[in-house]
Amino acid sequence: MPWTYWGIVTLLPMVPDLDVFSVAAYGSPLGHRGITHSLLFAGLLGAATAALCYRRFRVRWWSLASLLLAIIASHGLLDAMTWGGETVPFFWPLGGRYGNWGPLPVSDVGIDLSDLIDSRAIRAELLWLWLPTIAAVSIKLLYDRFAQRRMP
């Protein structure tokens, strides 16, 4: 895939947190952890982005839109895996907020670079998210490399 694809799939999961700049109250529908963390928002943003990009990437619109929905929705799911903080309205506007399920502390707010080592949230994300991801990707890459050597 072209670099623009990788840029898009890297940036899209961050879009739900743009609601942090909202003047609405924290946890309200238009505030932080509001509707931008919902599956409806993920679907609409994924569909719109897929409509703009599927021809360039030479993929089917449905495939790209589904993938982008999952990528964007992962943000809300990971926020729901924190303990503390506001819950997530996955099924907005139908109602219900979910979360505080997992091992991750809520991200530190207002930390500066000198506190990165001491940040409990960053340490927890490294342990529970980044290390398993790095391990899975490494195993896949090693498998692919050895599988190619066996092919005649």
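One is the number of the first residue; the rest follow in order along the sequence. This structure is a prediction, so every number in the text was calculated from the model and none was measured. The figures that follow rest on heavy atoms only: side chains count, while hydrogens, waters and symmetry mates do not.
- Minimum heavy-atom separation, Ile8 to Cys53: CD1-SG, 3.6 Å.
- Residues that satisfy the side chain to side chain contact (heavy atoms under 4.5 Å, CB included) test with Leu11, not counting sequence neighbours, are Met14.
- Here the shortest heavy-atom pairing between Ala47 and Ala65 reads CA-CB, 4.2 Å.
- When all heavy atoms of Ile72 and Pro16 are compared, the closest pair comes out as CG2-CG, 4.1 Å.
- Listed by first then second residue, pairs satisfying salt bridge (Lys or Arg N to Asp or Glu O under 4.0 Å) with a partner in residues 82-96 read Glu86-Arg97, not counting sequence neighbours.
- Phe57 is listed as a side-chain neighbour of Pro2, based on a closest heavy-atom distance under 4.5 Å.
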- Task: Assess whether side-chain contact (heavy atoms from CB on, under 4.5 Å) is satisfied between Val9 and Trp6, documenting all intermediate values.
- Result: CA-CA 5 Å; Val9 299; Trp6 295 109; 3.8 Å; yes
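- For the residue pair Gly31 and Ser22, the shortest heavy atom distance occurs at CA-OG, 4.0 Å.
- Taken from CE in Met1 to CZ in Arg58, the straight-line distance is 10.0 Å, to the nearest 0.5 Å.
- Applying the side chain to side chain contact (heavy atoms under 4.5 Å, CB included) criterion to Val20, with sequence neighbours excluded, gives His32.
- Taking both residues in full, the closest heavy atoms of Trp61 and Ala51 are given as NE1-N, 3.3 Å, listed atom of the first, atom of the second, then distance.
- Under the side chain to side chain donor-acceptor pair (under 3.5 Å) criterion, Thr4 pairs with Arg56, not counting sequence neighbours.
- Both Ile71 and Val59 are part of a single hydrophobic cluster, where members link through side-chain heavy atoms under 4.5 Å apart.
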- Given side-chain contact (heavy atoms from CB on, under 4.5 Å), test Val15 with Leu45 step by step and report yes or no. CA-CA 9 Å; Val15 170; Leu45 181 59; 3.7 Å; yes
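- Shown here are the side chain to side chain contact (heavy atoms under 4.5 Å, CB included) partners of Ser28, two or more places apart in sequence or in another chain: Ala24, Ala25.
- Remark: of the listed residues Thr87, Leu94, Val88, Val88 is the sole one forming a side-chain contact (heavy atoms from CB on, under 4.5 Å) with Phe90.
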- Does the pair Tyr98 and Phe91 meet the rule for a side-chain contact (heavy atoms from CB on, under 4.5 Å), with working shown? CA-CA 9 Å; Tyr98 304 90; Phe91 302 108; 3.6 Å; yes
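- Partners of Leu78 under the side chain to side chain contact (heavy atoms under 4.5 Å, CB included) rule, at least two apart in sequence or in another chain, are Met81, Leu129.
- Of the inter-residue distances, the one linking Phe41 atom CZ with Leu69 atom CG reads 11.5 Å to the nearest 0.5 angstrom.
- Under the side chain to side chain donor-acceptor pair (under 3.5 Å) criterion, Asp17 pairs with His37, His75, sequence neighbours left out.
- The line from OG of Ser63 to OH of Tyr54 is 12.0 Å long, rounded to the nearest 0.5 Å.
- Under the side chain to side chain donor-acceptor pair (under 3.5 Å) criterion, Thr49 pairs with no residue at all, not counting sequence neighbours.
- Clustering of Ile, Leu, Val, Met, Phe, Trp and Tyr side chains at separations under 4.5 Å places Leu141 together with Val137.
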- Step by step, would you call Trp101 with Leu77 a side-chain contact (heavy atoms from CB on, under 4.5 Å)? CA-CA 10 Å; Trp101 296 329; Leu77 180 63; 4.1 Å; yes
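- Hydrophobic clustering, defined by side-chain heavy atoms of Ile, Leu, Val, Met, Phe, Trp and Tyr closer than 4.5 Å, groups Trp92 together with Leu30, Ile35, Leu40, Leu44.
- In this structure, Ala42 and Ala73 approach most closely via the heavy-atom pair CB-N, 3.8 Å.
- Both Trp62 and Leu12 belong to a common hydrophobic cluster when Ile, Leu, Val, Met, Phe, Trp and Tyr are linked at side-chain heavy-atom distances under 4.5 angstrom.
- Summarising the geometry, atom CD1 belonging to Ile134 is positioned 12.0 Å from atom CD1 belonging to Ile139; distances are rounded to the nearest 0.5 Å.
- Sequence neighbours left out, the pairs with a member in residues 68-83 that pass salt bridge (Lys or Arg N to Asp or Glu O under 4.0 Å) are Arg33-Asp79.
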